[in-house]
Asker: 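Have a look at this one before I ask anything.
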Number of protein chains: 2
Amino acid sequence: MTKRQRNARGEGGQLRQDILGAAIALIDRAGSSEAVSLRAVAKEVGIAAPSVYAHFPDRDALLLAVLQQLFDELIALRSEAEERAAAAGGGAWQQLRAGAFATVHFGLQRPGHYKMLYEGRVVSGLSDPMAAAFGRPIQLRVAGLIREILEGMPERENDDAERLALLIWAGTHGVISLQINKPTLRWPKATDLVEDLMRAVIRPANSGVSP
Amino acid sequence: MTKRQRNARGEGGQLRQDILGAAIALIDRAGSSEAVSLRAVAKEVGIAAPSVYAHFPDRDALLLAVLQQLFDELIALRSEAEERAAAAGGGAWQQLRAGAFATVHFGLQRPGHYKMLYEGRVVSGLSDPMAAAFGRPIQLRVAGLIREILEGMPERENDDAERLALLIWAGTHGVISLQINKPTLRWPKATDLVEDLMRAVIRPANSGVSP
DNA sequence: ATATAAACTTACATTCGTTAGTTTATATGT
DNA sequence: ACATATAAACTAACGAATGTAAGTTTATAT
């Protein structure tokens, strides 16, 4: 907004972070990555539009960096939530639930960011495999936790954990996505819906709460 | 594309349908409603861009009409599928499943259209309540079928059908949306996933197939 | 003092929604 | 059969926004 003071000799890289932050702020405010025009980003940071090119080769590169950072943030939020659940004595089930709830909160509080991560054909030049790879760690973590849960359930020991992880992912995403995109419907608490779906899919025996 | 022959006196309205169809075709090809520029639509139909204004007051009105038509198509597809299931002797459960499968096919075969219906903040000036109202009939129908199913299950007779409908909607949408937006992942058959989720949520006793 | 990193100004070529005014074909009245 | 009113479409153009290229200025570290 205001004129930005010039960075020192070696610290031109500081601006890179500010540009990234501005792009992320714009997406959050507008609810969509289309709001990221180089001119809008530049104005937000307080620089001239072409100065962005000193730090990103083109607009797609900027959006790709945003995507990466947002995935990192979501992964960090999930990990923290899981660790809190574990620290409180929670087992695999409680950790899985905590991670899912963290995603729900992320999605509902920052719908523009969530849509970019999971509803995005955002970066035109970006091969989808790359975008999919960003989210892969979450998928693996969920499948691992589910495997752990299944091991405590003799009658389902050889269920396919990967498949159950997919079902839970789909259910969680469905709740978040619908609530974001149809906000005027009367929605029950999203976390309750997600927990219902997770219980229905997994049926954890020792879930700590009700059977 | 080629020069279009002029419509007769009273039949200017024919062009309206062609414009609608062109917009729908563009969305299908590009996978997003951003592809609907008045110039692109006009070229597709074979007219000049401003001629669109004879039939739609502005771009948003065109997109709104597209939205309406696509919802109508989806509703029709669902109804046909349900009727086929009923004609084959299927009960409420089989009809519910057939409707869900029809939506899955619609979504995977026409991802751009599906995204417009369920992931769209498409029409900037369109109040969301209106867009939500377009999809309302499906929601009501699903809840009705679920109520019917629950009535055949004494032990769950007073479960909340509206809530179960929401869970199934979310699950179905989640499967479709994720498969659309992360197409490079290895996806099991989408209908199988949806059926798993529906069974997990409803646990129909007499589902006709396995318990 | 000077080399250079950091950022600027200017501008080009597209694309877009939309407005204004104009042309052309068709149906109708005589 | 012919003139005419009008529906149906056209051409031209404006103003705004966009990604990006080219060349220039300015502050800082050596």
Side-chain angles (χ1 to χ4, degrees), chain A residues 1-23 26-27 29-67 121-126, chain B residues 1-23 26-27 29-67 121-126:
Chain A
M1 220 68 172
T2 69
K3 265 287 173 43
R4 175 195 177 78
Q5 75 170 344
R6 176 185 296 248
N7 278 312
R9 217 34 155 3
E11 333 244 301
Q14 175 57 36
L15 178 53
R16 193 193 137 96
Q17 281 305 321
D18 293 350
I19 292 172
L20 251 179
L26 283 172
I27 295 169
R29 254 180 269 151
S32 153
S33 62
E34 293 163 44
V36 178
S37 80
L38 297 192
R39 285 175 171 85
V41 168
K43 178 188 263 191
E44 177 92 5
V45 185
I47 59 174
S51 298
V52 174
Y53 285 92
H55 302 278
F56 300 92
D58 56 20
R59 181 175 180 268
D60 276 356
L62 170 57
L63 287 179
L64 179 57
V66 167
L67 204 61
R121 162 146 333 302
V122 179
V123 184
S124 60
L126 171 62
Chain B
M1 222 66 172
T2 69
K3 264 287 174 41
R4 175 195 177 78
Q5 76 169 345
R6 175 185 296 248
N7 278 314
R9 223 15 158 18
E11 331 248 302
Q14 175 56 36
L15 179 53
R16 192 193 138 96
Q17 282 304 322
D18 293 350
I19 292 172
L20 252 179
L26 282 172
I27 295 170
R29 254 180 272 149
S32 154
S33 63
E34 293 163 46
V36 178
S37 79
L38 297 192
R39 286 175 171 85
V41 168
K43 177 187 265 189
E44 177 93 6
V45 186
I47 59 174
S51 298
V52 174
Y53 286 92
H55 301 279
F56 300 93
D58 55 22
R59 180 175 180 268
D60 277 356
L62 169 57
L63 287 179
L64 179 57
V66 167
L67 204 61
R121 163 156 322 313
V122 178
V123 184
S124 60
L126 171 61

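Chain letters run A, B, ... following the sequence lines, proteins first and then strands; every chain starts at 1.
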Asker: In whole Å, what is the span from the CD atom of A:Glu34 to the C1' atom of C:dT15?
Answerer: 15 Å
Asker: Does A:Tyr53 put a side-chain nitrogen or oxygen below 4.0 Å from OP1 or OP2 of D:dA21?
Answerer: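 No.
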Asker: Please classify the nucleic acid contact of B:Val52 as base, sugar-phosphate, or nothing, using heavy-atom distances under 4.0 Å.
Answerer: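 Nothing: the residue B:Val52, judged by heavy atoms under 4.0 Å, touches no strand.
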Asker: Could you tell me which residues satisfy side-chain contact (heavy atoms from CB on, under 4.5 Å) with A:Ala48, sequence neighbours excluded, listed by chain and number?
Answerer: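 Residues passing side-chain contact (heavy atoms from CB on, under 4.5 Å) with A:Ala48: A:Pro50, A:Ser51.
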Asker: I want to verify a distance call: between D:dA13, D:dA9, D:dT18, whose nearest atom is closest to the B:Ser51 side chain?
Answerer: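 Selected nucleotide: D:dA9.
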Asker: From the set C:dA7, C:dT9, D:dA12, return the single nucleotide nearest to any side-chain atom of B:Pro50.
Answerer: D:dA12
Asker: Tell me, what's DNA chain D's dot-bracket, Watson-Crick or G-U with both distances under 3.5 Å, | for other-strand, [ ] crossing?
Answerer: ||||||||||||||||||||||||||||||
Asker: Mind checking whether A:Ile47 and A:Ile19 have side chains closer than 4.5 Å, heavy atoms only?
Answerer: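 Touching, per the 4.5 Å side-chain cut-off.
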Asker: Report the distance from atom NZ of B:Lys43 to atom P of C:dT15, rounded to the nearest whole Å.
Answerer: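 Whole-Å distance recorded here is 9 Å.
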Asker: Check whether any side-chain heavy atom of A:Val36 lies under 4.5 Å from a side-chain heavy atom of A:Val66, and answer yes or no.
Answerer: no
Asker: For a quick test of reading the model: is some side-chain N or O of A:His55 closer than 4.0 Å to OP1 or OP2 of C:dA7?
Answerer: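 For C:dA7, OP1/OP2 do have a side-chain N/O of A:His55 under 4.0 Å.
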Asker: Any side-chain N or O of A:Arg59 below 4.0 angstrom from OP1/OP2 of D:dG19?
Answerer: yes
Asker: For A:Ala54, enumerate each residue passing the side-chain contact (heavy atoms from CB on, under 4.5 Å) test, keeping only those at least two apart in sequence or located in another chain.
Answerer: none
Asker: Base, sugar-phosphate or nothing for B:Ala48? Non-hydrogen atoms, less than 4.0 Å.
Answerer: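 Base contact.
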Asker: Nearest-Å distance, CG (A:Leu62) to P (D:dT18)?
Answerer: 14 Å
Asker: Could you check how far CZ of B:Arg16 sits from P of D:dA7, rounded to whole Å?
Answerer: 18 Å
Asker: In whole angstroms, how far is the P atom of C:dT18 from the CZ atom of B:Phe56?
Answerer: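 To the nearest whole Å, that distance equals 13 Å.
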Asker: Using a 4.0 Å heavy-atom cut-off across all strands, classify B:Val36 as base, sugar-phosphate, or nothing.
Answerer: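 Result for B:Val36 = sugar-phosphate.
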Asker: Counting side-chain heavy atoms from C-beta on, which of C:dG17, D:dA22, D:dG19 comes nearest to B:Ser37?
Answerer: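 Nearest listed nucleotide: C:dG17.
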Asker: Can you tell me the distance, in whole Å, between the CD atom of A:Gln14 and the C1' atom of C:dA5?
Answerer: 16 Å
Asker: C:dA7, C:dA11, C:dT18: which one has an atom nearest the side-chain heavy atoms of B:Asp58?
Answerer: C:dT18
